Novice: 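To start, I am sharing the structure in question, which I have written as structure tokens.
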Amino acid sequence: QKEVEQDPGPLSVPEGAIVSLNCTYSNSAFQYFMWYRQYSRKGPELLMYTYSSGNKEDGRFTAQVDKSSKYISLFIRDSQPSDSATYLCAMTSGGYQKVTFGIGTKLQVIP
Amino acid sequence: EAGVTQFPSHSVIEKGQTVTLRCDPISGHDNLYWYRRVMGKEIKFLLHFVKESKQDESGMPNNRFLAERTGGTYSTLKVQPAELEDSGVYFCASSPLEAGGIEQYFGPGTRLTVT
């Protein structure tokens with residue numbers, strides 16, 4: 001079983017839709033949960049991270065962590081064509097511990 | 001401020017040859033990480049430098065891979081001899097000392113093709 005499970009998609013939505021991206025994980029030691037965005041032929045770019053359970057909002061993006069269910073989500077409101085990219089969840093127990101990535105979900109926002 | 005840079009962007013080599021990948025982290029970033037993404041798989045951790053010291057090299061596949069970070073600045077990852085299964089995209093990332101693995105800045109990657 002993989003430590004982090006993420007549906008690779010692709011996920012296609014119309015412009016303006018609310019997008020929900022999700023990951024589940026099995027390692028209860030994970031404390032920090034990150035979301036990266038990766039455009040084609042580019043490196044991943046950190047969008048936001050959350051420590052432990054709870055919500056965090058940054059503009060049109062909201063990250064949620066439910067440690068009791070080992071489930072994390074990223075919501076994108078008012079999605080734009082420029083949001084079309086692969087979204088990777090990543091997590092670590094913190095400090096100098098290694099980061100474990102999900103496979104990434106490919107999102108396409110249709111104008 | 002310049003981001004993380006990697007060279008070359010793409011390398012095509014034959015099985016048995018040697019390839020050296022280079023990463024220049026963001027200036028002042030003491031943490032430097034190497035990752036690899038094989039087609040259809042997740043990005044996988046290879047190793048982590050803090051300054052010039054290897055903090056964690058548990059992800060290195062085997063002894064054909066050698067990473068160095070002389071002087072705590074740029075890093076090189078050498079694959080010798082290369083095998084077909086080494087093909088993939090190799091990413092480098094860096095972060096400030098206090099950020100650890102949480103706020104990493106990634107380079108664009110080196111796409112390695114072994115034929």
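Please read these numbers as outputs of a predicted model, since none were measured by experiment. Note on naming: letters A, B, ... go to the chains in the order of the sequence lines (proteins, then strands), and numbering restarts at 1 for each one.
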Novice: Would B/Lys44 count as a cation-pi partner of B/Tyr35, with NZ or CZ less than 6.0 Å from the six-membered ring centre and within 45° of the ring normal?
Specialist: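 So B/Lys44 doesn't make the cation-pi contact.
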Novice: Shorter than 4.5 Å, heavy atoms on both sides: which option in B/Val89, B/Asp56, B/Asn31 has the most such pairs with chain A?
Specialist: B/Asn31
Novice: Taking all non-hydrogen atoms of both residues into account, name the closest pair between A/Phe75 and A/Ser20 and its distance.
Specialist: CE2-OG, 3.5 Å
Novice: Is it the backbone or the side chain of B/Val50 that comes under 4.5 Å from a heavy atom of chain A, or both, or neither?
Specialist: side chain
Novice: For the residue pair B/His48 and A/Tyr96, does the interplanar ring angle fall in the parallel (under 30°), tilted (30 to 60°) or perpendicular (over 60°) class?
Specialist: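 Rings of B/His48 and A/Tyr96: perpendicular, over 60°.
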Novice: Is a salt bridge present between B/Asp86 and B/Lys15, judged by a nitrogen-to-oxygen distance below 4.0 Å?
Specialist: no
Novice: What part of B/Gln6 is in contact with chain A, defined as an atom under 4.5 angstrom from a non-hydrogen atom: side chain, backbone, both or neither?
Specialist: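 When you check distances to chain A, no heavy atom of B/Gln6 falls under 4.5 Å.
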Novice: Is it the side chain or the backbone of B/Leu97 that comes within 4.5 Å of chain A heavy atoms, both, or neither?
Specialist: both
Novice: Roughly how far, to the nearest 0.5 Å, is OG1 of A/Thr24 from CG of A/Asp7?
Specialist: 10.5 Å
Novice: Select, from B/Lys41, B/Glu98, B/Gln55, the one with the greatest count of heavy-atom pairs under 4.5 Å involving chain A.
Specialist: B/Gln55
Novice: Could you look at A/Gln38 and say if it's the side chain, the backbone, both or neither that has a heavy atom under 4.5 Å from chain B?
Specialist: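 Just the side chain, heavy atoms under 4.5 Å.
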Novice: Could you look at B/Gln104 and say if it's the side chain, the backbone, both or neither that has a heavy atom under 4.5 Å from chain A?
Specialist: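 Answer is both: backbone and side chain atoms of B/Gln104 are under 4.5 Å from chain A.
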Novice: Taking every non-hydrogen pair under 4.5 Å, which of B/Pro108, B/Ser9, B/Ser58, B/Cys92 racks up the most with chain A?
Specialist: B/Pro108
Novice: Centres of the B/Phe106 and B/Tyr33 rings: under 6.0 Å?
Specialist: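 Judged by ring-centre distance (under 6.0 Å), B/Phe106 and B/Tyr33 do not meet the cut-off.
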Novice: Please tell me whether A/Tyr71 and A/Tyr25 form a close aromatic pair, meaning their ring centres lie under 6.0 Å apart.
Specialist: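 No, the ring of A/Tyr71 stays outside the 6.0 Å limit from the ring of A/Tyr25, centre to centre.
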Novice: Please flag which part of A/Tyr36 lies under 4.5 Å from any non-hydrogen atom of chain B: side chain, backbone, both or neither.
Specialist: side chain
